[in-house]
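See below for the structure under consideration.
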Amino acid sequence: MHVIYHQDELIKVLRSLPRMAFVPTMGNLHEGHLTLIEEAKKRKDHVIVSIFINPLQFNSEEDFQKYPRTLEHDLSMLKKINVSFVFTPSENDIIDKSNTIQINLPEIAHDLCGKFRPGHFNGVAIIICKLFNLIQPEVAFFGKKDFQQLFLIKEITRQLNYPIEIIGIDTIRDQDGLAKSSRNNLLTAGNRKKAPQLFEIMNNMKEKVIEKSMPIKEIEETAIKHLNGSGWLVDYFSIRSAKSLQKPLHDENHMIILGAATLGSVRLIDNIEFCIHH
Ligand code: PAF
């Protein structure tokens, strides 16, 4: 495994190699990331993983500072599973000091998580474009847990003509249903026990949508009230079209329920995608 710390070296090394499969990460790797890497390996002989905690996508300095940093452990995990290349640049290496160029994203970037984390997806978009430009992969893998991120990355790739295939991989969960996330490590033991409530309530919402036993808006409001009453602070629960991320049409059949809520000081997100027959 070749660990690359600078973009100059990356450019030199990749120049003579065929295009690879790419898995971008912010480190603190868990089973979710390992699944992305396994899928990437099925597609290409060489997989490149990036590890970069991107300051541009955090809304507060505090959130950025407390994000788990476990580079040595991450590298040893990646070595064990025979990843070919790891790119882990410093902030100075990859982010220009002036950073004056912004990417204007579609409206949906300011809805759902974007509404509660202003500028978050613009930060993601900039780092993803930088990494795509430097690595020029043939195919890139992203988790469906960050469904809105995946949606926007597909949009960026299409609208900016990146010749890269974007593949979304299903969320990996702990046995109790909690979606794997680096942020789970920040939960207290008590809150870790409580955390599966997020997925449970989304499953309840899904049943209600399928049964059509309540109007969509009421299903969302009931879930918000319920979770807020159990000690969470809900940002949103929203039932959308999985294709457009807009409010579902009355004959919509591919749906997604997205949610974000804070437990203690840890903000968790999740979603459930499903089909409904009319
Ligand atoms: O999903 C993540 O870990 C990050 O948002 C990503 C895609 C690596 C960009 O920093």
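Atoms within a ligand are numbered from 1 in the order they appear, just like the ligands themselves. Because the structure is predicted, anything quoted here is derived from the model rather than measured.
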Side chains of Leu105 and Ile156: does their closest heavy-atom pair fall under 4.5 Å?
-> yes
* N or O contact, Gln57 vs ligand 1, cut-off under 3.5 Å -> yes
Looking only at side-chain N and O atoms, does Ser98 offer a donor or acceptor that is under 3.5 Å from a partner on Asp96?
yes
If we number the atoms of ligand 1 from 1 as shown, the ones under 4.0 Å from a heavy atom of Pro24 are 8 (C)
| task | Show the numbers, then the answer: is there a side-chain contact (heavy atoms from CB on, under 4.5 Å) between Val124 and Gln148? | result | CA-CA 11 Å; Val124 171; Gln148 191 180 6; over 6 Å; no
Within 4.0 Å of some non-hydrogen atom of Thr25, the atoms of ligand 1 are 8 (C)
- Query: Is it true that Lys208 and Glu211 make a salt bridge, defined as a side-chain N closer than 4.0 Å to a carboxylate O?
  - Reply: no
A student checking ligand 1 against Ile127 at a 4.0 Å heavy-atom cut-off should list atoms 9 (C), 10 (O)
Closer than 4.0 angstrom, basic N to acidic O: yes or no for Lys41 and Glu38? no
Nearest non-hydrogen contact to atom 5 (O) of ligand 1 from the set Met26, Gln149, Lys130, His33 belongs to Gln149
